[in-house]
Colleague: 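Dropping a structure here in structure tokens format, bear with me for questions.
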Amino acid sequence: MNPEQMNQAEGPPRRISFDNIGAFQALVGELSKNIKHIEKSLGVAISVKGNSVAISGESPNDFIAETLLKQLYPLAREGFPINPADIDQGLRVLKNDPDAKLKEFLRDTVFVAPGRRPVTPKSPNQKAYVQAMRTHDIVFGVGPAGTGKTYLAMAMAVAALSKKEARRIILARPAVEAGERLGFLPGDLLEKVNPYLRPLYDALHDMIDFEKASRMVERGDIEVAPLAFMRGRTLNDSFVILDEAQNTTSEQMKMFLTRLGYRSKAVITGDITQIDLPEGTLSGLVEAIDIMSHIEGISFVMFDEQDVVRHPLVQEIIRAYETKGKAAGRRAGRRS
């Protein structure tokens, strides 16, 4: 059933009964926190009685709530801890595709560290991105901030290192928005580039404790490789991440892509709406999308605001800027 078929007025309550009271209580959550989160997110009313619920609300939200609970319940029976973050993930997926199977997302573990929640894809595009990284040696993740491009790439890199599928992780990023003038920054090479690699480190420290990550950097298991200093290298047995690739020039992108050696993967992430290169300079990422999309073995995954997994207001901010940009484009068209 698609959203158009479900677009109906509010009908009688949808009632669901569950046969395992323990799993049902885990689904409902302590003090009904999961039920309250669903009510707030969808604008529906859910009454709980015994081991059953009744859902009241306008379509399609009542249908989404019913589908969400029915799909989360088997996971609760398996001992999977359900919390509001899983509900947000489930709602994001079901709103995009009411026929989606949430188990395929919530059980698709990219990486799990002791004492931390597993890293899993949280939208259809994120799942496609993870699958692309599993099956392709070069993957481009392109889209707005907060869509998980960098975070999932780091999770895949750490997983590859832990499974000995890669000998090292290499993190690269244009160090200065226009020109990479590293010599104007104080300190040694690592100190110069660290501020620009902070998002990659943030993702890394979210998966590995700080001390262990620091030891990995010291041993060379994780290498900081400023893009300006990669020329002439061949990167074998490596998982390489190039972040903020929209700020590479055409020459820099070509140089980076031709560094890839045997048994290596490269993930290139960027947002083509936030190019900081000097006016008139072609973005290497934009050019790559244009000229390499037909090459077998290279995958391009395009994200949009539906994939944003930060604060809910971030989606609204991205949408507002996109609306403004479209309006400006129409005004410019009328003037011409």
Side-chain angles (χ1 to χ4, degrees), residues 104-123 125-143 147-173 193 197-227 230 233-245 253 256-270 288 292 295-301 303 307 309:
E104 295 179 2
F105 290 84
L106 295 171
R107 284 299 199 191
D108 186 3
T109 301
V110 178
F111 178 75
V112 57
R116 308 194 184 204
R117 284 189 62 79
V119 178
T120 62
K122 293 177 170 55
S123 72
N125 282 335
Q126 286 196 3
K127 186 170 179 62
Y129 183 50
V130 168
Q131 187 60 26
M133 288 188 281
R134 288 170 174 156
T135 57
H136 293 72
D137 288 337
I138 298 179
V139 177
F140 287 80
V142 183
T147 50
K149 307 182 300 295
T150 300
Y151 193 84
L152 287 173
M154 182 61 76
M156 288 291 292
V158 173
L161 190 65
S162 66
K163 297 174 185 175
K164 301 189 184 305
E165 295 172 356
R167 185 166 54 85
R168 59 184 172 175
I169 298 171
I170 298 177
L171 310 178
R173 199 181 195 211
V193 75
L197 291 166
R198 192 74 258 163
L200 293 170
Y201 280 126
D202 287 344
L204 176 64
H205 294 151
D206 202 33
M207 300 167 205
I208 304 174
D209 67 75
F210 184 84
E211 290 76 14
K212 183 177 180 180
S214 298
R215 290 195 299 271
M216 294 171 75
V217 172
E218 291 173 2
R219 290 196 307 262
D221 296 336
I222 299 174
E223 179 185 349
V224 177
L227 186 56
M230 291 186 68
R233 301 183 62 185
T234 300
L235 308 176
N236 295 319
D237 299 298
S238 302
F239 197 113
V240 192
I241 301 173
L242 173 60
D243 197 31
E244 294 291 317
M253 179 63 76
F256 172 80
L257 292 173
T258 54
R259 300 308 92 203
L260 198 65
Y262 291 107
R263 301 172 300 279
S264 290
K265 285 181 179 285
V267 180
I268 300 95
T269 69
M292 286 189 284
I295 299 178
E296 188 175 352
I298 299 179
S299 177
F300 289 82
V301 180
F303 296 90
D307 302 299
V309 292

Colleague: State whether the side chain of S299 and the backbone N or O of H136 hold a donor-acceptor pair below 3.5 Å, judged by distance alone.
Modeller: no
Colleague: When you measure from the side chain of S238 to the backbone N and O of N236, does any donor-acceptor pair fall under 3.5 Å?
Modeller: yes
Colleague: What's the separation between atom CG in L152 and atom OG1 in T120, rounded to the nearest 0.5 Å?
Modeller: 8.5 Å
Colleague: With a 4.5 Å limit on heavy-atom distance, are the side chains of I268 and M253 in contact?
Modeller: yes
Colleague: To the nearest 0.5 Å, what is the distance between CG on L257 and CE on M292?
Modeller: 5.0 Å
Colleague: Is a donor on one side and an acceptor on the other found under 3.5 Å between the side chain of S264 and the backbone of D237?
Modeller: yes
Colleague: Apply side-chain contact (heavy atoms from CB on, under 4.5 Å) to the pair V267 and F239, showing each step before the final yes or no.
Modeller: CA-CA 8 Å; V267 180; F239 197 113; 3.6 Å; yes
Colleague: Check the pair D108 / F105 against side-chain contact (heavy atoms from CB on, under 4.5 Å), numbers first and verdict last.
Modeller: CA-CA 5 Å; D108 186 3; F105 290 84; 5.8 Å; no
Colleague: Taking all atoms of both residues into account, what is the closest heavy-atom pair of P121 and V130, and its distance?
Modeller: CB-CG2, 4.3 Å
Colleague: Nearest 0.5 Å please: distance from the CG atom of L242 over to the CZ atom of R259.
Modeller: 13.0 Å
Colleague: G141 and F303: which non-hydrogen atoms are nearest, and at how many Å?
Modeller: CA-CE1, 4.0 Å
Colleague: Assess whether a salt bridge exists between K265 and D137, defined as any Lys/Arg side-chain N lying under 4.0 Å from an Asp/Glu carboxylate O.
Modeller: yes
Colleague: Verify, without hydrogens or angle tests, whether K127 (side chain) and E104 (backbone) share a donor-acceptor contact under 3.5 angstrom.
Modeller: yes
Colleague: Hey, could you give me the OH/CG distance between Y201 and D206, rounded to the nearest 0.5 Å?
Modeller: 16.0 Å
Colleague: With rounding to the nearest 0.5 Å, note down the distance linking CG in N125 to OG1 in T147.
Modeller: 9.0 Å
Colleague: Test side-chain contact (heavy atoms from CB on, under 4.5 Å) on M133 and V110; report intermediate values, then the result.
Modeller: CA-CA 11 Å; M133 288 188 281; V110 178; over 6 Å; no
Colleague: Could you give me the CA-CA distance, side-chain angles and deciding distance for F111 and M154, then say whether side-chain contact (heavy atoms from CB on, under 4.5 Å) is met?
Modeller: CA-CA 10 Å; F111 178 75; M154 182 61 76; over 6 Å; no
Colleague: Supply the atom-to-atom distance T150 OG1 to D202 CG, rounded to the nearest 0.5 angstrom.
Modeller: 10.5 Å
Colleague: Check the pair D243, T269 against side-chain hydrogen bond (donor to acceptor under 3.5 Å, both in side chains), reporting the backbone distance first and the verdict last.
Modeller: CA-CA 5 Å; D243 197 31; T269 69; 2.5 Å; yes
Colleague: Could K149 and Y129 be counted as a cation-pi pair, given that NZ or CZ must be under 6.0 Å from the ring centre and within 45° of the axis?
Modeller: no
Colleague: Which atoms form the tightest heavy-atom contact between L161 and A166, and what is the distance?
Modeller: CD1-O, 3.4 Å
Colleague: Between G261 and T234, which heavy-atom pair has the shortest distance, and what is it?
Modeller: CA-CG2, 4.0 Å
Colleague: For residues V139 and A132, report the shortest heavy-atom separation together with the two atoms involved.
Modeller: CG2-O, 3.5 Å
Colleague: Heavy atoms, side chains only, cut-off 4.5 Å: are I170 and R168 in contact?
Modeller: yes
